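This report concerns only the one structure given below.
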Amino acid sequence: MLDLRTVTERLDETRAALARRGFTDAPALDRLGALAVARRDAIVDVEALRHRRNVASEAMAQVADKRSAEFAARRDELRAVGAEIKALEARQSEAERELTDLLARIPNLPDESVPSGSGEADNVELRVFGERPRFPHEPRDHVDLGVGLGILDFERAAKLSGARFVVLRGLGARLERALIQLMLDLHVDEHGYTEMWVPTLVKDTALHGTGQLPKFAADLFRIAKDAQWEREAEAGGHELFLIPTAEVPLTNLHAGEILDAGDLPVAYTAYTACFRSEAGSYGKDTRGMIRQHQFDKVELVRFVRPDDALAELERLTGHAEAVLQRLGLCYRVVELCAGDLGFSSKKTYDLEVWLPGQNAYREISSCSWFGDFQARRLKARFRPAPDDKPQLVHTLNGSGLAVGRTLVAILEQYQLPDGSVRVPPALRPYLGGLDTLRPPG
RNA sequence: GGAGAGGUGGCCGAGUGGUCGAAGGCAACCGCUUGCUAAGCGGUCGUGCGGUGUAGAGCUGUACCGGGGGUUCGAAUCCCCCCCUCUCCGCCA
């Protein structure tokens, strides 16, 4: 969420910055200004009245005889004031409700350093790590390889859960587990992250905090246990969502808190399953395990001082890259242009791994700096110095990495002509020293 | 799921309709003191939103005692709904 005061005071700048990322809802921004004025006026009025009531109430407390005519007269007068206050409060909360609804749907402002552009084609390749493997044969994709090795089973997954799920078998399942282990070890032991284990079912408030709601409800799986729960949810009671990423629980960990400056940066990592309904993506990546309703991910989240934020983004991105480097996977770093930025992000680097089977780079990690956008929604603050006022922290996160896609990349980049797959050396200790996955028989 | 208890400031903990943003203690910060041994004394010590402003000082108003609604001239205190925590029972990995 953007800061109302800043937006209204610098409407033109805000408009221009939002236009860069393709958000051009002029009426919404104009309405914001009008609402801000209406809100302030309502506050001034209601507070003046409340002041009057408080003063009068205090005087009433002094009246010894509560049954006197004087007391009754004052009471009757104040009764009217009370009603008026109620009406003004309604006016204020109406303006505030509309204001926050509006504000909650406005995306973050891209950082100045973010390149202009309207979509994926305008993203900027910053660097390439490693070399694309060359094959003496036509490279196969992970589906052929995985099914051939007997480690991926899409048909049985469909039997259980429908499209966009996978079953990992034998060494496939173990490979997945080994990757999780390697990633967590790296981030904890070498990058200084605190490992966390968090719920994968969260309340809607958590999703508001990181920005998935209210705008992207269609991408989420919502849990309605039964008809009664459904009704309670309507009434503001139970309602839980499967997390689309561990960013949600990890970032919400410090919602409503004031952190000590000395504790920053706070760095968390967690492995979780992630769930996405990807409602808008029918027909995209239908083959294989590139886009699944359920997938594993190791996530990195950092809470930092605003001054350090840009350097922190580089650091975080480096941590995610370290996984790919450790595994010897060829990838590139791409900076998203303004038009391709996620809703809450100020600046994002995508790591794209080379997939020989697709003859393309595909996203395997997305590292973003959110400025105070999430922190404002979360009310996550820190106190710069003991006597200072609390200030919003900056949040960052990145995948470190998407485990399923990492498995895909290993299968495709390390494939051999006979359909077997070499195991990256760094991973071998996690697989009992195994150096090659071979087809059965 | 059933029965009961409870949610108050960074923490502990008073407070059952008006003088309560809220006693007291701890922690923290500042100063003083220092032959009463990590001691003593004094002071400071919440956040949001408005107004004013020599505008990230100061002054001032207002709100906040889990969340929301209600009663009342007035609510931390009374009523209703919801959320959460704890204890016991049931169920369960």
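Computed from a prediction, not measured in an experiment: that's the story for all the values here. Below, chain A is the first sequence line, B the second, and so on; all start at residue 1. Values reported hereafter were calculated over all heavy atoms of this structure, with side chains retained and with hydrogens, waters and symmetry mates removed.
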From CZ of A:Arg75 across to C1' of B:G74 the rounded distance in Å is 12 Å

Out of B:C73, B:U47, B:U62, whichever nucleotide has its closest atom nearest the side chain of A:His51 = B:U62

B:C45 -> Watson-Crick or G-U wobble partner, both distances under 3.5 Å, gives none

From the options B:G50, B:C73, B:U62, select the nucleotide whose nearest atom is closest to the side chain of A:Arg5.
-> B:G50

Reckon A:Arg74 has a side-chain N or O less than 4.0 Å from the OP1 or OP2 of B:C73?
-> no

N-O pairing of A:Arg91 and A:Asp45 below 4.0 Å | yes

Short side-chain N/O contact to B:G48 OP1/OP2 from A:Arg381, under 4.0 Å = yes

Strand partner of B:U71, provided both Watson-Crick or wobble distances fall under 3.5 Å = none

Length of the CG-C1' vector between A:Asp76 and B:G74, whole Å | 14 Å

With rounding to whole Å, what would you report as the distance between B:C11 and B:C65 at their C1' atoms?
-> 16 Å

Complementary nucleotide for B:G21 - Watson-Crick or wobble, under 3.5 Å | none

Would you mind reading off the distance between A:Ile258 atom CD1 and B:A28 atom P, rounded to a whole angstrom?
-> 19 Å

Nearest-angstrom distance, P atom, B:A39 to B:A28 | 10 Å

Electrostatic pair A:Glu112:A:Arg20 at N-O distance under 4.0 angstrom | no

Return the nearest nucleotide to the side chain of A:Ile43; candidates are B:A63, B:C49, B:G51.
-> B:C49

Pair assignment for B:G58, Watson-Crick or G-U wobble, requiring both distances under 3.5 Å = B:U52

Pairing partner (Watson-Crick or G-U wobble, both distances under 3.5 angstrom) of B:G1 = B:C89

Comparing A:Gln92 with A:Lys86, nearest RNA chain B nucleotide closer to 5' gives the residue A:Gln92

Determine the interatomic distance between P on B:U60 and the same-named atom on B:G21; round to the nearest Å.
-> 16 Å

Cationic N near anionic O, under 4.0 Å, A:Lys346 to A:Asp372 = no

Hey, does A:Arg52 reach any base, or is it just sugar-phosphate, or nothing, if we go heavy atoms under 4.0 Å?
-> nothing

Closest of B:U62, B:C73, B:G51 to the A:Met60 side chain is B:C73

Minimum-distance nucleotide to A:Arg50 side chain [options: B:C73, B:G48, B:A63] | B:A63

Give one of base, sugar-phosphate or nothing for A:Asn54, where a contact means two heavy atoms less than 4.0 Å apart.
-> sugar-phosphate

If you measure from the P atom in B:G68 to the same atom in B:G58, how many Å do you get, rounded?
-> 29 Å

Integer-rounded Å distance: B:U47 P and A:Phe382 CZ | 14 Å

If the C1' atom of B:C32 is compared with that of B:C86, how far apart are they to the nearest Å?
-> 45 Å

Less than 4.0 Å between a side-chain N and a carboxylate O, is that true for A:Arg105 and A:Asp101?
-> no

If the C1' atom of B:A22 is compared with that of B:A63, how far apart are they to the nearest Å?
-> 14 Å

Is A:Arg405 paired with A:Glu412 through a side-chain N to carboxylate O contact shorter than 4.0 Å?
-> no

If we take the C1' atom in both B:A27 and B:C82, what is their distance in whole Å?
-> 34 Å

Donor-acceptor pair (no angle test) under 3.5 Å: A:Glu47 side chain, B:G61 base | yes

Heavy-atom donor-acceptor pair, A:Arg53 side chain to A:Gly82 backbone, under 3.5 Å = no

N-O pairing of A:Glu335 and A:Lys347 below 4.0 Å | yes

In whole angstroms, how far is the P atom of B:G46 from the NZ atom of A:Lys389?
-> 11 Å

Provide, to the nearest angstrom, the distance between the CZ atom belonging to A:Arg53 and the C1' atom belonging to B:G61.
-> 14 Å

Distance between the C1' atoms of B:C45 and B:C49, in whole angstroms?
-> 22 Å

Touch check for A:Arg40, heavy atoms < 4.0 angstrom, all strands: base, sugar-phosphate only, or nothing?
-> sugar-phosphate

Salt-bridge test for A:Arg52 and A:Glu77: reply yes if a basic N is under 4.0 Å from a carboxylate O, no otherwise.
-> yes

Nearest-angstrom distance from the residue atom CD1 of A:Ile85 to P of B:G61 = 16 Å

Please state how far atom CG in A:Asp3 lies from atom P in B:G56, giving the value in whole angstrom units.
-> 15 Å

Name the closest nucleotide to the A:Arg383 side chain, picking from B:G18, B:A63, B:U47.
-> B:U47

Under-4.0 Å side-chain N/O to phosphate OP1/OP2 contact, A:Arg39 with B:G50 | yes

